[in-house]
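Below is one structure; the comments refer to it alone.
A note on names: the letters A, B, ... follow the listed sequences, proteins ahead of strands, and every chain is numbered from 1. Please read all numbers here as calculations on a predicted model, not as lab measurements.
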There are 2 protein chains.
Amino acid sequence: MIYCIRSKEGTQTIYTHPEVTDLTSDIFDFCSSMTDEQDGRARELIERAAAKWPLRILHVLSDAGAPLRFSRLMERVEGISQKVLTQTLRTLERDGLIIRTLYPEVPPRVEYELTSLGRDLLMQVATLWRWIVEHLDDFDARKAVKLMATANA
Amino acid sequence: MIYCIRSKEGTQTIYTHPEVTDLTSDIFDFCSSMTDEQDGRARELIERAAAKWPLRILHVLSDAGAPLRFSRLMERVEGISQKVLTQTLRTLERDGLIIRTLYPEVPPRVEYELTSLGRDLLMQVATLWRWIVEHLDDFDARKAVKLMATANA
DNA sequence: CAGCATCCCATAAGATACTG
DNA sequence: CAGTATCTTATGGGATGCTG
């Protein structure tokens, strides 16, 4: 449970502001039930998803609302190279976020589309995104506010 | 509005499953009000936060529940190098997620602590984390399920 | 103690050329 | 069309040594 938020020991200092306790208790309960392996896999998925291109590709597919061919993606995902687009699509496919369909015609046609998991993930990330945008002005060292803490060991 | 989820044109194919429409409408409304600059800055913040170490460091600080010295962080953030810890801490500080306090003693003492923004961000990410862990088994190409779509142009 | 400076390497990403 | 192959460059990160 490396990344989870719950304190491991009751002997440690914890935040005592009621606000904090209220907000975090749910998540804490959840974290305590998460295994190291689950935590690690979730970490990987987050890291991959938040990389340079994946979210953008998922968004383009969502925005299109229909399967897109490789070349259409190249046009719409501005700035990506062919190699990186291919790589990223393969990763997204492996993670079950998109589906790749090859139509064995001449010339070949390949279509990529969002899976329902891909759409759901995008929704979840969008929620986080929204929170960040709403707090954009606070992400600034000059506005940093300390958290009140008291020892309770 | 590069990454937002809303379709730009009403003439495009959109998902018509009621489920989809219901779930996404809120986020769509929000996305339409997001400027390119906001979107870009949020993107940067997400990318930085989801990098290798930041979440782990924030978690360790949250878990400790009190300010930690540099050397305590080195111990608790297993596997990180001194250089990268320093770098990451500086970035977290610039983004207003932690506060660095230097006590000009001999030998010098430096303490790092979470800001309320840092704690809040951690909570938001934990929510996403939780969703991912609950759907861990679905992140698999073999379980991919297409999204139903209909043209509405 | 808490770092900065330096060197080194592994990986990510970009550019270009070629192909089933 | 939708890639693959290859080369080069940029970046992240690790290891080591030094210092106010």
Side-chain angles (χ1 to χ4, degrees), chain A residues 2-3 40 43-58 60-61 64 66-95 98-114 141, chain B residues 2-3 40 43-58 60-61 64 66-95 98-114 141:
Chain A
I2 300 167
Y3 300 98
R43 183 87 190 63
E44 277 180 44
L45 285 167
I46 279 201
E47 212 170 316
R48 281 210 291 277
K52 196 171 179 185
W53 301 108
L55 286 176
R56 192 155 173 182
I57 291 174
L58 291 181
V60 164
L61 285 173
L68 286 181
R69 305 182 61 158
F70 187 86
S71 43
R72 295 313 121 230
L73 280 169
M74 274 293 284
E75 292 166 8
R76 299 187 188 203
V77 182
E78 210 172 337
I80 199 170
S81 71
Q82 201 178 43
K83 188 181 76 173
V84 175
L85 178 56
T86 303
Q87 280 173 181
T88 311
L89 288 171
R90 293 284 187 277
T91 302
L92 291 172
E93 191 191 6
R94 276 207 319 275
D95 286 341
I98 62 172
I99 290 176
R100 175 184 185 272
T101 310
L102 166 66
Y103 298 91
E105 311 166 353
V106 181
R109 179 163 57 101
V110 176
E111 285 187 349
Y112 295 91
E113 64 192 297
L114 220 46
Chain B
I2 298 169
Y3 301 97
R43 182 89 190 65
E44 277 180 46
L45 286 167
I46 278 201
E47 213 169 313
R48 279 210 291 275
K52 196 172 178 184
W53 302 106
L55 286 177
R56 191 155 173 184
I57 292 174
L58 291 182
V60 165
L61 285 173
L68 287 180
R69 305 182 62 157
F70 188 86
S71 42
R72 296 312 123 228
L73 280 168
M74 275 293 284
E75 292 166 8
R76 300 188 187 201
V77 181
E78 208 172 338
I80 199 169
S81 69
Q82 200 180 45
K83 188 181 76 172
V84 176
L85 179 57
T86 303
Q87 280 175 182
T88 311
L89 289 171
R90 292 288 187 274
T91 303
L92 291 172
E93 191 191 6
R94 276 209 318 275
D95 286 341
I98 63 172
I99 290 177
R100 176 182 185 274
T101 310
L102 165 67
Y103 298 91
E105 313 164 354
V106 181
R109 178 164 57 102
V110 176
E111 286 187 348
Y112 295 91
E113 64 191 297
L114 265 190

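- Spacing between atom CZ of B:R100 and atom P of C:dC1 amounts to 16 Å, rounded to whole angstrom units.
- Between A:E111 and A:R109 a salt bridge is recorded (basic side-chain N to carboxylate O distance below 4.0 Å).
- Put simply, CE on A:M74 is 11 Å from P on D:dA2, counting in whole angstrom units.
- For the pair B:P54 and B:L92, the tightest heavy-atom approach, listed with the atom from each and the gap, is CB-CD2, 4.1 Å.
- Rounded to whole angstrom, the span from the CH2 atom of A:W53 across to the C1' atom of C:dG14 amounts to 11 Å.
- The phosphate of D:dA2 has OP1 or OP2 within less than 4.0 Å of a side-chain N or O from A:R69.
- Shortest non-hydrogen contact noted between B:L102 and B:P104 is O-CD, 3.5 Å.
- Here the C1' atom of nucleotide D:dG13 and the CD atom of A:E47 are 12 Å apart, to the nearest Å.
- Taking the side chain as every heavy atom from C-beta outward, B:T88 and B:W53 approach each other to under 4.5 Å.
- Between B:S71 and the phosphate of C:dC1, there is no side-chain N or O to OP1/OP2 separation shorter than 4.0 Å.
- In this structure, of C:dA13, D:dG20, C:dC4, it is C:dC4 that holds the atom nearest to the side chain of B:Q82.
- Distance from the side chain of B:F70 is smallest to C:dG3 among C:dC7, C:dA15, C:dG3.
- Each of C:dC1, D:dG17, D:dG13 was ranked by its minimum atom distance to the side chain of B:K52; first place goes to D:dG13.
- Atom pair A:I57:CD1 and C:dA13:C1' shows a separation of 13 Å (rounding to whole Å applied).
- Checking B:L89 against A:G79, the closest nucleotide of DNA chain C that is more toward the 5' end is the one next to B:L89.
- Going from atom CD1 of A:I80 over to atom P of C:dA13 covers 9 Å, rounded to whole Å.
- Here B:E105 lies out of heavy-atom contact (under 4.0 Å) with every strand.
- Ranking D:dT4, D:dA15, D:dG20 by closeness to the A:R90 side chain, first place goes to D:dT4.
- In the set D:dG20, D:dC1, D:dG13, the nucleotide with an atom closest to the side chain of A:P108 is D:dC1.
- Rounded to a whole Å, the CD atom of A:Q87 is 12 Å from the C1' atom of D:dA5.
- With rounding to whole Å, B:K83 atom NZ is found 10 Å from D:dT11 atom C1'.
- Between A:I80 and A:V77, the closest side-chain pair of non-hydrogen atoms falls below 4.5 Å.
- Between C:dC1 and B:Y112, no contact under 4.0 Å exists linking OP1 or OP2 to a side-chain N or O.
- Comparing A:T86 and A:P107, the nucleotide of DNA chain D nearest to each residue sits closer to the 5' end for A:P107.
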